[in-house]
Amino acid sequence: MPKYAMVIDLQSCVGCGACSIACKNENNLSEGIFWSSKITETVGTFPNVRYHYMPTLCNHCEDAPCVRGCPTQAMHKLDNGITMHDTKKCIGCRYCMYNCPYGVISFNWEKPFKFWRDDEPVLKGCTPSPQEVVRKVNNGTATPYYNPARAETLAGARPKGVVEKCTFCDHRVKRGELPYCVEACPANARVFGDLENGTHEIKFLLGKFRAFRLKEHLGTKPKVYYIRNFNPAAYDRTKGGV
Amino acid sequence: MKGRLWIGLLSLGILLGLVTAFRVFSTGFVLYAKTDILVWTMPLAAYIFFSLTSSGLAFVSSIPIVFGIKRYEPLEKRTVFLEIAVLMAGFVCLIMHLGSPLNVIYLLLSPNLASPLWWLAMLYGVYLAVLLASFWRIQTAQVSKTLSTLVFLIAIATSTALGWLLGLPDARPAMNGSFLTVYFPLTAFACGLAAVLLFSLAYARASGNPNPTSAAQADLYDEVAKVFGVVIGVTLVLFIWRAIIGGVSSSEVELGAFRRMMQSLSFQTELWLGLVAPFVLMLIPSVRVTTWGKVLASLLLLVGMFAGRLEFILTAEIMPFGQLGEGVPQFVSYLPTISEVLVALFGLAVMLLLYTLGERYLNLDGTQEKSEAGT
Ligand code: SF4
């Protein structure tokens, strides 16, 4: 059985956010919900400042605190290492959000796709209302750009009152395709594969570079690894002074 | 007339609660001041407050039957009924906190024994059933020691498991599980004693049947007040150590949330109103023996503890981490919405109405005529 993992090369990542947009499209994410996101940081003071960008997503921890805490096993592990969620079993207690040390689980506080439920035309007498568009394009379900493939393994659009998070695009992986964020990354900064396969490229990357994972000290054994760091800045060599 | 007004007020609270419930279940939790950062807020704090108070009442009700201190028997029936009423208030707040309460069926169909939440849900289910059975036995003058012992044991389990629930996650280092598993049952006991004093003395007076009615009863309430004072004192010591260790001597980044919360209204209310003031009142003998002293101290403690439950939850949450911290300040602030306040009042109104009906129809002052130890 494969054990899936992702390596993110921070030197290649240009911080364009294509992964987050691709993820939203593929997984029918509602407004305000990001399965693929980022942590940004600005260090130093002007003029010596630098901006750091780190893409984030569910870490699919081997010892996942969200899975351990979920009272109904709605949050569970698949044999291939993916941390999966079952919308039907979720009671909306949000204990997984409380337990997740990475803050990557979102809750549907209200019915999804608020914008597309609006019956006011954007421009009166000129454009149709979002609701009309949905009715015409998609038989009144979800959004005009709804991806039905997502519904193969999870609720296509998650209802209000349950949580949701990245599934490593398990529906695509099942078909032998890469997660969509990996596919969409223009810089090939995301590498996805099987940790059990000794010859796989991610094994090479993890051996070649000093990979790190987020909050490793917690012992959750995340399956998202980061390698390298982008910093082309040069400086005059000096020993400093007193 | 006064009684009708009281029932009318409580019915209004319940009606407003039902309207809030309908609005929350039809539109979602946008009516609450919740975000993916503040995932648990006042409705859950209210649930924790009520359920811990119920556990505390179970400790009090176990004194005469489980520990055999017979002079506490006159308190037994009222205390057990209060436990039920307070627990129902907790359930109301819990339902209002959950998004898909109907899916609780999966707690049975797909249980996760590693989850503190599963254990709590199960324990509370059993707790209610055992409590009802226990009350029925008291009502029919056939007190069951077995049931009372079971209630006592479950109350220990629930109050400590709540500490496990909040304090377990490594994601929230500001919460200390070992501390909470001691602090929660201790404060539960304080709340239980406060509730007994408040309802036995204040409610009885307001409904025209002032307590105590005999010298023996007066002595009993004085003794309860003394125990109450001691429990508040111990709680205060623990509370101060928590503040010194976590808030002053530690510089750990993760405890920043706690240091921040120490300046909050909820923390200050818990400390001054909920602990210091009632402790001082119970320390002064001339105040302690008066009805108003006992009632005031009880009321203050309960208000302070409600604020305290909210403070604990917020301490765990106000410092966003990981991607949640993108574009938000280092600490987020929380102000409950009207709907959240109505949820807490909904729970309170349900509890008070149940209690009022109990006082009216179940003769809660009644003592058992017959006691079947070990049945
Ligand atoms: S919100 Fe749903 S998935 Fe998360 S712990 Fe609760 S039941 Fe499990």
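Model, not experiment: these values are computed from the prediction.
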Between G219(A), S106(A), P159(A), which shows the greatest number of heavy-atom pairs under 4.5 Å with chain B?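 Option with the top pair count is S106(A).
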
Could you tell me which of T56(A), I33(A), D86(A), T40(A) has the largest number of non-hydrogen atom pairs under 4.5 Å with chain B?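 Max contact count across the listed options: T40(A).
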
Which pair of non-hydrogen atoms, one from V67(A) and one from N112(B), has the smallest distance, and what is that distance? O-ND2, 3.1 Å

At their closest point, which heavy atom of M97(A) faces which heavy atom of D36(B), and how far apart are they? CE-OD1, 3.3 Å

Is it the backbone or the side chain of [X] that comes under 4.5 Å from a heavy atom of chain A, or both, or neither?
X	value
E326(B)	side chain
L168(B)	side chain
L109(B)	neither

Donor-acceptor pair between E110(A) and T27(B) side chains, under 3.5 angstrom: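 There is no such pair (donor and acceptor under 3.5 Å, judged by atom type) between the side chains of E110(A) and T27(B).
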
Counting heavy-atom pairs under 4.5 angstrom with chain A, the leader among L165(B), L94(B), V30(B), L31(B) is L165(B)

Test side chain to side chain contact (heavy atoms under 4.5 Å, CB included) applied to K34(B) and F107(A), step by step: CA-CA 10 Å; K34(B) 293 183 176 198; F107(A) 189 73; over 6 Å; no

Compare all side-chain heavy atoms of P65(A) with those of D170(B) and state whether any distance is below 4.5 angstrom. no

When the ring planes of W40(B) and Y95(A) are compared, do they come out parallel, tilted or perpendicular, using 30° and 60° as the limits? parallel

